[in-house]
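Below: one structure, written as structure tokens.
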2 protein chains.
Amino acid sequence: MVTVYSFNDDGELLQEEKDTINQLSKMPLDSLNLDAVSVVTNIYRVAQGLRNKMEREVLSKHGLSWTSFSILYDLWIWKSVETKKLAELTAVSKATISNITKTLEKKELVFRKTDTRDRRITFVTMTDKGKKVMEELYPQFHQGEVEIVSSLSVKEQKNVSELLRRVIKENQF
Amino acid sequence: MVTVYSFNDDGELLQEEKDTINQLSKMPLDSLNLDAVSVVTNIYRVAQGLRNKMEREVLSKHGLSWTSFSILYDLWIWKSVETKKLAELTAVSKATISNITKTLEKKELVFRKTDTRDRRITFVTMTDKGKKVMEELYPQFHQGEVEIVSSLSVKEQKNVSELLRRVIKENQF
DNA sequence: TCATAATCGTTAGCTATGAAACGATATTAC
DNA sequence: GTAATATCGTTTCATAGCTAACGATTATGA
């Protein structure tokens, strides 16, 4: 997870980048939308920082990746979920789900069980050990979320959320 | 790249999630900061959407991943870069840089050359083919960035950027 | 001088990720 | 009732990503 552009301390695109883009890409001069660049880069950078912080400060305690934690969270909420449904919930391929649940099973945090009526379907369920891990990690995870946005007032938080929600809706993300 | 929480159409955390969190995590009731959850999740979701959109609509034309493109971009701007410097610029491990530049070299988009004076150092340089690819892809990439935030006014874009810049600064992301 | 330490890139071994192929199972069509 | 089709999860093969170990090279220090 890597950002494309570089910025200086004032949040401005570096001059070298402006120069290269203007000179080498077949774009009309001044067609570069610096505000758009700034928005998407800052969003991406915060997302990356969020993920890194969590993996480093919280999830590493149990050797979990971001996606593993996300799947554990879903199982925590929904108790038992088909792998197909897990793939939809987390928006990763079923092959990835297959691999990750295999890893989680190795750690004894979840177990898989074939449906008795339709043997094509596999349910994934959290073990007691998995529940204990979530009960330990979730509060720390949430604490991390709070810390990250703590420099924004509640009003500003609501404001950012609202604007990003519009972006999500318009793009059907 | 996966989000943890689920929201309903109004941008609210699902009731099942609130219930589970309140009941099962050792957190005092009402200690869940829903605004913080909403901000970080929306940020993460936009970042994920951005990356997916680009990989699907732009980068796949040349079989490039987000990170490959990011490295190509850096080489486009800086012409020739040591692998060590590339690792710092993109904030991934030098092992990853080694693998990705190997792949890019296979595609004949870059080449590697050992420094003559200090043979421990390797410079990565973009080929003409690599330049052509960037000149083709970059305008499309930028177009994608503009599209994504097009539902926000310029004022709103500046606003979001400014607030996120504060988050980045405070967290040293 | 020449052994030790520091630096740099690659390799090894692991998980994550997706596309495509595959095998098992269930459903549909005729 | 059986052949064709659809569905589901896993496997395979590729890239991405990390840490740690390694090999080559350069710098240091006594």
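Chain letters run A, B, ... following the sequence lines, proteins first, then strands; residues in each count from 1.
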For a quick check of understanding: with a heavy-atom distance under 4.0 Å over all strands, which category does [X] fall into, base, sugar-phosphate or nothing?
X: A:Thr83; answer: sugar-phosphate
X: B:Thr122; answer: sugar-phosphate
X: A:Asn99; answer: base
X: B:Arg56; answer: nothing

- Item | Check: A:Trp66 ring centroid to B:Tyr44 ring centroid under 6.0 Å |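 Between A:Trp66 and B:Tyr44, the centre distance is under 6.0 Å.
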- Would you please indicate if the ring centroids of B:Tyr73 and A:Tyr5 are separated by under 6.0 Å?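 Judged by ring-centre distance (under 6.0 Å), B:Tyr73 and A:Tyr5 do meet the cut-off.
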State which of [options] makes the closest approach to the side chain of [X].
X: B:Ser68; options: D:dT11, D:dA16, C:dG18; value: D:dA16
X: A:Arg120; options: D:dT10, D:dG9, C:dT27; value: C:dT27
X: B:Ala95; options: C:dA26, D:dC18, C:dG18; value: D:dC18
X: B:Lys102; options: D:dT10, C:dT11, D:dG9; value: C:dT11
X: A:Lys94; options: C:dA19, C:dA24, D:dG9; value: D:dG9
X: B:Lys106; options: D:dT15, D:dG9, D:dT11; value: D:dT15
X: B:Thr67; options: C:dG18, C:dA16, D:dG17; value: D:dG17

- Query: Any side-chain donor paired with an acceptor under 3.5 Å for B:Thr96 and B:Ser93?
  - Reply: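 A pair is found: one side chain offers a donor N or O, the other an acceptor, under 3.5 Å apart.
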- Item | Between B:Arg45 and B:Thr3: side-chain donor-acceptor atoms closer than 3.5 Å |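 Yes.
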- Query: Are the charged groups of A:Lys158 and A:Glu162 less than 4.0 angstrom apart, N to O?
  - Reply: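 Salt bridge: no.
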- Message: Looking at B:Glu12 and B:Lys18, is there a salt bridge between them, counting it only when a charged N and a carboxylate O are closer than 4.0 Å?
- Response: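 Salt bridge present between B:Lys18 and B:Glu12.
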- Message: Taking the nucleotide of DNA chain C with the nearest heavy atom to each, does B:Arg112 or A:Ile100 sit closer to the 5' end?
- Response: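 It is B:Arg112 whose nearest nucleotide is closer to the 5' end.
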Using only side-chain N and O atoms of [X], determine if any of them is under 4.0 Å from OP1 or OP2 of [N].
X: B:Thr103; N: D:dA16; value: yes
X: A:Arg119; N: C:dA24; value: no
X: A:Ser65; N: C:dA16; value: yes
X: B:Thr96; N: D:dC18; value: yes

Gap between atoms [atom1] and [atom2], on [X] and [N] respectively (whole Å):
X: B:Phe123; N: C:dC8; atom1: CZ; atom2: P; value: 11 Å
X: A:Lys107; N: C:dA16; atom1: NZ; atom2: C1'; value: 13 Å
X: A:Arg51; N: D:dC18; atom1: CZ; atom2: P; value: 10 Å
X: B:Gln48; N: C:dG18; atom1: CD; atom2: C1'; value: 14 Å
X: A:Ile97; N: C:dT15; atom1: CD1; atom2: P; value: 16 Å
X: B:Asp115; N: D:dA27; atom1: CG; atom2: P; value: 11 Å
X: B:Glu82; N: C:dG9; atom1: CD; atom2: P; value: 7 Å
X: B:Leu64; N: D:dA16; atom1: CG; atom2: P; value: 9 Å

